[in-house]
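Working notes, beginning with the structure itself.
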Number of protein chains: 2
Amino acid sequence: MGIAERKEREKEEMRELILRAASKIFLEEGYEKTSIRKIADAIEYSPATIYLYYRDKNELLHGLHVEAFQKMMQEFSKIAPINDPFARLVEMGHQYIKFGTQNPELYNLMFLMDAPMEALACRNEIWDDGLRAFDALRIVVADCIEAGYFKEPDVETISMTIWSYIHGLVTIYLKGRMKMFDDDRELERMQQSFALFIKMIKAI
Amino acid sequence: MGIAERKEREKEEMRELILRAASKIFLEEGYEKTSIRKIADAIEYSPATIYLYYRDKNELLHGLHVEAFQKMMQEFSKIAPINDPFARLVEMGHQYIKFGTQNPELYNLMFLMDAPMEALACRNEIWDDGLRAFDALRIVVADCIEAGYFKEPDVETISMTIWSYIHGLVTIYLKGRMKMFDDDRELERMQQSFALFIKMIKAI
DNA sequence: TTGTTTGGTAAACACTGTTTAGTACATTTG
DNA sequence: CAAATGTACTAAACAGTGTTTACCAAACAA
């Protein structure tokens with residue numbers, strides 16, 4: 001019976017159609033302006049239809065959040081060719097900062113917004129995307145330890161500390177909290193801080 | 001002519017009445033549920049009245065944000081008696097983590113939300129509260145340098161790096177991104193990471 | 001050809017921040 | 001003191017928001 005399969009396929013296509021429209025509006029106009037009605041308008045369906053494919057807005061935003069993680073992981077894949085593990089870790093940091101500063105709305109969705117987490121919570125699922133990204137960091141950190149770069153053996157704690165630092169840096173910048181230094185040297189300040197942090201982790 | 005003064009005083013009292021109601025709702029029910037109508041209900045005035053005392057919701061939230069900074073700075077004042085500058089810096093970190101984890105809504109308002117920053121932007125003002133808090137950190141860092149704890153002389157960069165780290169740690173926790181480690185050792189993980197970070201800055 | 005399932009929607013519900021027009025009262029002026 | 005002005009306040013409307021309900025028409029199965 002191929003009819004059920006076709007329906008399943010059509011259902012998936014519709015989910016994708018909605019997600020594409022949502023993604024377009026989200027990236028072009030930001031989260032604030034991404035309303036269910038606007039998405040419905042874009043695909044020329046009624047707002048209620050969206051609720052036949054996504055249980056609520058949180059689920060829809062979670063869908064965008066998954067795509068955002070795919071995009072970030074793709075950026076991370078660029079560092080694979082770097083042989084020296086410490087150089088690879090440093091480059092991973094650069095890529096993270098670059099991704100965050102160039103995709104503010106996505107970064108917000110991935111690491112700050114409640115919506116995608118609430119979608120996971122009500123499905124009793126774990127934050128798999130975050131875990132996979134963190135794993136990518138863990139692996140590089142483990143490689144650094146193995147190569148003798150760090151004396152400290154706790155991969156998890158080192159990784160957490162590195163992520164905390166770089167996430168804090170990016171978030172301070174994205175949320176406009178670096179504008180307090182009146183000058184326009186925000187990105188320069190980030191580079192300087194990052195350089196110092198690299199020096200710091202060299203010593204552990 | 002004391003009549004103008006009285007009116008000025010009454011205006012200030014009304015602003016305070018609104019802020020108190022807003023603060024109460026914000027702390028008890030969170031940002032999401034802090035609506036103009038709810039605040040108006042609480043003080044038994046119409047919603048439109050609030051707009052005679054605050055130009056918009058951003059201004060009102062900025063008012064709460066100022067109070068939040070006062071509260072945090074008060075917590076920071078506890079560290080003054082500590083003589084050793086490095087011990088003072090460590091304790092400042094502890095107080096920061098404590099404040100953030102125990103006042104999630106306030107922390108959000110102070111360091112993540114757009115509203116208070118937009119209120120400042122449209123008044124062409126600088127983020128003075130943030131700057132003062134950062135100054136508190138700068139002073140302790142400068143004391144550490146003077147006492148010979150750090151070889152690195154750039155107070156600004158060191159302070160920025162420390163703030164980034166601790167802000168990142170608190171934010172990851174507050175935004176539920178630490179729940180990916182299924183176990184319930186979130187606070188323990190924070191303590192471990194913080195301990196490692198202290199080790200790291202000892203070496204700069 | 002029935003009967004049932006399915007995909008889609010109009011309209012409503014209960015909210016949101018904000019603005020406008022108008023009222024009742026306090027204050028100032030002639 | 002009375003008339004004119006100024007001020008504090010609000011009801012109602014505007015333009016949105018996420019979400020649910022009741023209903024319709026077309027597709028499917030018997």
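Quick note on labels: first sequence line is chain A, next is B, and so on, each numbered from 1.
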Residues touching DNA chain C, which here means a heavy atom under 4.0 Å, drawn from residues 36-58 of chain A:
A:Arg37, A:Tyr45, A:Ser46, A:Ala48, A:Thr49, A:Leu52, A:Tyr53
Expressed in angstrom and rounded to an integer, what is the separation of B:Ile25 atom CD1 from C:dC15 atom C1'?
15 Å
Is any NZ, NE, NH1 or NH2 atom of the basic residue among B:Glu59 and B:Arg55 found under 4.0 Å from an Asp or Glu carboxylate oxygen of the other?
no
Whether B:Arg132 and B:Asp135 form a salt bridge (side-chain N of Lys/Arg under 4.0 Å from carboxylate O of Asp/Glu) is what I want to check.
no
For B:Glu67, is there an ion pair with B:Lys71 - N to carboxylate O distance below 4.0 angstrom?
no
Would the B:Trp127 and B:Phe69 ring centres measure less than 6.0 Å apart?
yes
Nucleotide D:dG18, atom P - distance to NZ of A:Lys33 in whole Å
14 Å
To the nearest Å, how far apart are A:Glu10 CD and C:dG7 P?
9 Å
Flag yes if more than 12 heavy atoms outside B:Glu32 fall under 6.0 Å of its CD atom; otherwise flag no.
no
NZ/NE/NH1/NH2 to OD/OE distance under 4.0 Å, B:Asp41 and B:Lys38:
no
Measure OH/A:Tyr31 against C1'/D:dG18 and give the value in whole Å, please.
10 Å
Grab the CD-C1' distance between A:Glu32 and C:dT16 for me, whole Å please.
12 Å
